[in-house]
Amino acid sequence: MTEPLLKIQGLCKRFGGVVATDDITLDIPEGELHAVIGPNGAGKTTLVSQLAGELTPDAGRILLGGTDVTSMPVWRRSLLGTARSFQITSLFPEFTARDNVALAAQAHAGHSFHFWKDARRETALRDTAHAALSRVGMGDRADVRVSRLSHGEHRQIEIAMALATRPRLLLLDEPMAGLGSSEAAGMLALLRALKRQYTIVLIEHDMEAVFALADRISVLVYGRVIATGAPEAIRANTQVREAYLGENSVAGAGDA
Amino acid sequence: MGLLFIEQCLNGLQFGLLLFLLAAGLTLVFGIMDLVNLAHGSLYMLGAYFAATFAALTDSFLLGVVLGLAATLVVGMAVEVVAMRRLYGRDHLDHVLGTFGLILFFNELVRLVWGPAGMSLIPPAWLNRSIEILPGVPYSAYRLSIIVVSLAVALLLYLLVMRTRIGMLIRAGASNREMVGALGVNINLLYTLVFGIGATLAGLAGIMQAQIQTAYVGMGENVLIVALVVIIIGGIGSIRGALVASIFVGLIDTVGRAFLPDMLKLVLSPAAASTAGPALSSMLIYILMVAVLVLRPGGLFPAAGR
Amino acid sequence: MRFPFTARNLLIAAVIALLVLLPVYTALSGNAFFLTLFTRILILALAATSLNLIMGYGGMVSFGHAVYLGIGGYGIGILAFEGISSGFLQWPLAILVSALFALVIGALSLRTRGVYFIMITLALAQMVYYAGVSLSRYGADDGLTINRRSQFSGLIDLSNRTVFYYLCLALLLGTVYLVWRLINSRFGLVIRGAKSNERRMRSIGFPTYRYRLVCFVVAGAICGLAGALLANFTNFISPAMMHWTRSGDLIVMVVLGGMGSVFGPTVGAVALLVLEETLPFLIGKLGFPLFGESAARAAEYWQIVLGPMLLAIALFARGGIVGLLTRTGRD
Ligand SMILES: Nc1ncnc2c1ncn2[C@@H]1O[C@H](COP(=O)(O)OP(=O)(O)OP(=O)(O)O)[C@@H](O)[C@H]1O
Ligand SMILES: [Mg+2]
């Protein structure tokens with residue numbers, strides 16, 4: 001077996017009395033779509049924040065492609081190929097969609113100590129941005145100001161920004177949160193298309209989507225991984241059923 | 001030397017506690033309403049002018065002080081209702097601009113009403129003397145009274161915040177404004193009250209300072225910046241931090257000014273020491289602030305959730 | 001680029017035309033007062049433009065920006081006092097020292113955010129102010145008179161009022177253009193992005209601190225240039241140049257004119273200083289029929305009107321003058 005792209009070893013994080021991440025160890029090989037599920041407050045976002053570098057773990061290590069990134073700042077990890085989409089949309093509302101995504105591309109196209117040339121005329125950046133926006137189906141809305149776009153479109157731009165940084169590892173924190181059913185279907189199709197091309201850690205409450213997409217699933221409860229395995233194994237796992245998935249919801253996801 | 005040192009330490013403590021009165025209001029208002037109030041120094045100035053005026057009118061020092069405090073409270077609450085209330089929830093630049101405007105307004109108003117010459121509040125005979133605090137150590141009675149009054153106020157404030165219902169709301173408001181609103185508490189009234197308390201504390205500080213110097217237009221501004229330094233060091237929003245930091249800053253500033261030039265003479269040439277001394281001692285508290293920030297960007301007692 | 005005839009662009013064009021033609025008017029009328037007033041306005045507009053770069057575009061609300069006016073000024077004053085009057089030496093040094101101070105102040109204060117940043121820039125500025133007060137060799141509190149303006153080996157004669165005015169105007173317009181280029185460059189987008197959502201900027205791969213710091217230093221350097229002009233203009237330096245109220249005035253100019261618009265600070269500087277000149281007069285004139293003599297006395301206290309105006313601007317007109325015109329004129 002080759003070295004996994006992402007290695008998480010003994011990761012711990014507590015907030016006062018709350019243990020948000022409790023000794024998590026996980027290997028995610030290149031190309032895998034790994035879903036992390038768990039009830040509200042299980043510590044999924046906290047895990048992603050540590051992988052992305054916004055939070056520093058209290059203990060444990062994170063290795064990306066063999067490099068120890070545990071104490072690297074966010075921006076440096078981004079340059080190494082970790083990209084994140086936020087659970088709560090986090091964009092630049094006064095810029096256009098294209099500007100938002102081009103900015104992400106700019107961060108990965110050399111330094112930005114260029115003081116004179118109009119950045120909006122740098123065709124390389126604009127093209128990358130356009131390609132990423134087209135990829136998520138926003139090609140024709142590129143020049144609209146983000147503050148005028150809908151929530152669903154914001155979710156798409158979140159992904160486009162992540163793609164524009166040419167990542168190796170995509171951390172997607174509930175990309176489908178708050179989407180209408182047709183929008184959710186679009187997002188599902190998009191995620192399916194991104195699968196294999198990127199290594200993805202997907203956090204999602206939509207069980208239907210998770211079981212349809214994931215290669216493997218980890219179940220997080222109170223900061224602890226109680227099970228990791230292929231979708232069928234997770235569905236069959238009694239501990240998971242008791243702790244988290246109601247019998248019905250698993251059956252429901254299975255039938256769909 | 002030893003005697004002088006004790007006296008300077010007491011002066012430092014007195015200045016520090018005076019700063020605390022200013023910083024407490026500032027940090028309360030910031031911690032609870034998230035408002036940067038640069039015009040806090042104007043209330044300090046108004047307190048001094050009010051007390052001096054009422055003392056002259058009534059011919060009674062104590063009555064002057066009490067009426068002065070009451071007037072500052074009224075003005076403070078009026079300012080909250082008329083202006084500050086509209087600034088809550090706006091960004092900090094709005095606060096800076098709006099309260100900067102208020103400073104200009106109050107300075108001109110005071111100049112217009114009381115004239116450009118200062119006003120003095122003369123302490124009564126029972127304060128205007130010195131007391132032997134230790135055998136052979138005399139100390140100014142009214143400086144001592146400042147220390148006593150400020151410590152009493154600090155204690156009262158502690159009891160108010162930690163032990164009363166209002167205090168509970170204040171603490172809750174500092175961490176969760178929606179929750180207080182949901183409890184059905186009249187949050188507008190609470191805010192007006194908090195602002196009024198802060199204003200009164202500032203007024204009290206101004207009154208006490210007016211006995212050391214005269215009251216003059218713009219007296220609040222330089223001391224306000226020092227009070228800002230205090231709350232930066234203490235951690236914005238923390239009353240405990242404000243108390244610790246004010247005493248620190250008061251001591252370092254006073255003792256530094258008194259002794260640093262002489263101490264420098266030990267290591268520098270007299271000429272160099274006499275130039276560097278005053279410069280360095282007036283910069284000491286800022287250097288302290290920078291040092292604290294480098295080590296702890298959130299101040300000594302960072303308020304939770306900020 | 002297109003320049004549609006919006007109210008906003010017309011205002012900007014009018015202000016530029018006014019500034020360019022002013023010396024012609026003063027030469028014809030022989031009234032030099034306006035030339036003096038507007039030279040001051042141009043210099044402060046330059047300082048405000050530099051503040052707008054960090055505050056309007058970078059979201060760094062510095063309440064200590066006048067420090068660089070002072071440092072630029074002291075750079076000129078001290079060198080002149082020590083017998084070095086060549087502008088070719090004085091000016092670059094003044095700008096360099098301002099940039100260095102900005103580097104130190106910025107490095108410290110940019111570690112913090114929001115209200116901390118405001119207060120720390122204010123406190124550090126106050127510290128530099130006290131340092132100026134204690135410079136007894138250079139006049140301490142009272143300041144220092146500069147006997148000879150910077151010499152540019154006969155190329156530019158600063159003692160000629162009109163030449164001085166046009167120099168200030170050229171530097172201001174040049175700076176406005178520079179800022180305009182800057183904010184649309186890669187660097188500018190990073191600065192503006194960090195204002196809008198710094199967390200996101202870091203997460204897509206920008207080390208924002210160093211970009212902000214560079215921006216802070218650039219603004220400090222430009223303001224230092226304004227300080228060099230101011231010292232030459234008044235033939236005088238004193239700690240008052242960097243008093244915190246001066247920093248407040250600069251903020252007022254930026255907000256009054258319109259933040260986040262390259263010409264806003266110039267409009268704001270014109271508006272504020274013209275207001276300062278005319279308010280006392282207006283109060284006296286308008287109040288006279290109503291209050292008689294006392295109105296004339298009240299005119300002296302014009303800041304009683306200015307103060308609440310600032311409050312009103314903070315409450316109701318955050319886009320400033322340029323912003324108001326943009327909204328009504330639609331661009
Ligand atoms: N910055 C913080 N400070 C204190 N506690 C925190 C912080 N962030 C998260 N927590 C706590 O850690 C736990 C895990 O939170 P987290 O946001 O990671 O959960 P989650 O699985 O993403 O939940 P959700 O499904 O609602 O998004 C929760 O109990 C939360 O209250
Ligand atoms: Mg979450």
Side-chain angles (χ1 to χ4, degrees), chain A residues 48-49 51-54 72-86 88-96 99-122 124-125 146-147 157-158 160-167 171 173, chain C residues 1-2 50 53-54 56-59 99 111 174-219 221-222 258-262 318-319 323 326 330-331:
Chain A
V48 165
S49 296
L51 297 181
E54 282 200 359
M72 263 186 201
V74 190
W75 59 270
R76 203 180 281 280
R77 285 194 218 189
S78 167
L79 297 182
L80 276 184
T82 306
R84 172 194 193 166
S85 80
F86 286 84
I88 296 163
T89 305
S90 178
L91 300 170
F92 309 104
E94 61 274 42
F95 290 131
T96 64
D99 287 343
N100 270 262
V101 182
L103 210 44
Q106 181 185 322
H108 293 255
H111 66 79
S112 286
F113 290 105
H114 296 283
F115 302 97
W116 198 253
K117 219 170 90 189
D118 190 343
R120 291 193 174 93
R121 296 205 183 151
E122 288 197 37
L125 299 179
V146 162
S147 56
I157 298 172
E158 280 273 342
M161 279 174 86
L163 295 182
T165 65
R166 301 185 213 280
L171 306 169
D173 196 351
Chain C
M1 271 197 40
R2 294 175 305 122
S50 73
L53 175 61
I54 52 173
Y57 291 102
R111 292 164 49 88
T175 302
V176 169
Y177 180 66
L178 178 99
V179 169
W180 184 71
R181 293 301 301 220
L182 196 80
I183 57 158
N184 289 302
S185 70
R186 276 190 174 207
F187 180 78
L189 290 188
V190 174
I191 291 305
R192 291 157 73 188
K195 176 194 180 190
S196 167
N197 188 346
E198 181 173 19
R199 181 175 178 218
R200 187 50 149 160
M201 286 300 281
R202 291 175 61 79
S203 120
I204 55 179
F206 287 110
T208 46
Y209 178 84
R210 59 183 77 159
Y211 290 100
R212 292 193 127 154
L213 185 56
V214 168
C215 188
F216 198 85
V217 170
V218 170
I222 296 173
M259 269 207 303
S261 142
V262 281
R318 267 303 298 283
T326 308
R330 275 258 52 92
D331 70 341

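Throughout, a chain's letter reflects where its sequence line sits, starting with A, and its residues are numbered from 1.
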What salt bridge (charged side-chain N to carboxylate O under 4.0 Å, His left out) pairs are there with at least one residue in residues 99-114 of chain A, not counting sequence neighbours?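 The answer is A:D99-A:R120, A:D99-A:R126.
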
Below 4.5 Å, heavy-atom pairs only: which of A:K117, A:R84, A:Q106 has the largest tally toward chain C?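 Of the candidates given, the most pairs with chain C belong to A:Q106.
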
Engaged part of [X] at the chain C interface, taking heavy atoms whose separation is under 4.5 Å:
X	result
A:S90	both
A:A104	both
A:L125	side chain
A:P167	neither

Point-to-point distance, once rounded to the nearest 0.5 Å, from CG of C:L189 to CG of A:N100: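 Separation between the atoms: 10.5 Å.
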
If you count the non-hydrogen atoms of other residues, nucleotides and ligands that lie under 6.0 Å from CZ in A:R166, is the total more than 12?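 No, not enclosed.
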
Taking ring pair (Phe, Tyr, Trp, His ring centres under 6.0 Å) as the definition, give me every residue that meets it alongside A:H108, ordered by chain and number, with sequence neighbours left out.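 Ring pair (Phe, Tyr, Trp, His ring centres under 6.0 Å) list for A:H108, sorted by chain: empty.
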
Contacting moiety of C:V218, where chain A heavy atoms sit under 4.5 Å: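 Neither part, no heavy atoms under 4.5 Å.
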
Given heavy-atom pairs under 4.5 angstrom as the criterion, report whether the side chain, backbone, both or neither of C:L178 touches chain A.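 For C:L178, the contact with chain A is made by backbone and side chain together.
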
Is a side-chain N or O of C:N197 found less than 3.5 angstrom from the main chain of A:L91, in a donor-acceptor match?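 Checked: pair present.
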
Using the test salt bridge (charged side-chain N to carboxylate O under 4.0 Å, His left out), find all partners of C:R186 that sit at least two apart in sequence or belong to another chain.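 For C:R186 the salt bridge (charged side-chain N to carboxylate O under 4.0 Å, His left out) partners, ignoring immediate neighbours, are A:E122.
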
What parts of residues 199-212 of chain C touch chain A if we use heavy atoms and a cut-off under 4.5 Å? C:R199, C:R200, C:M201, C:R202, C:S203, C:I204, C:G205, C:F206, C:P207, C:R210, C:Y211

Looking only at heavy atoms, which two atoms of A:A119 and C:S185 are closest? And how far apart? CB-C, 3.6 Å

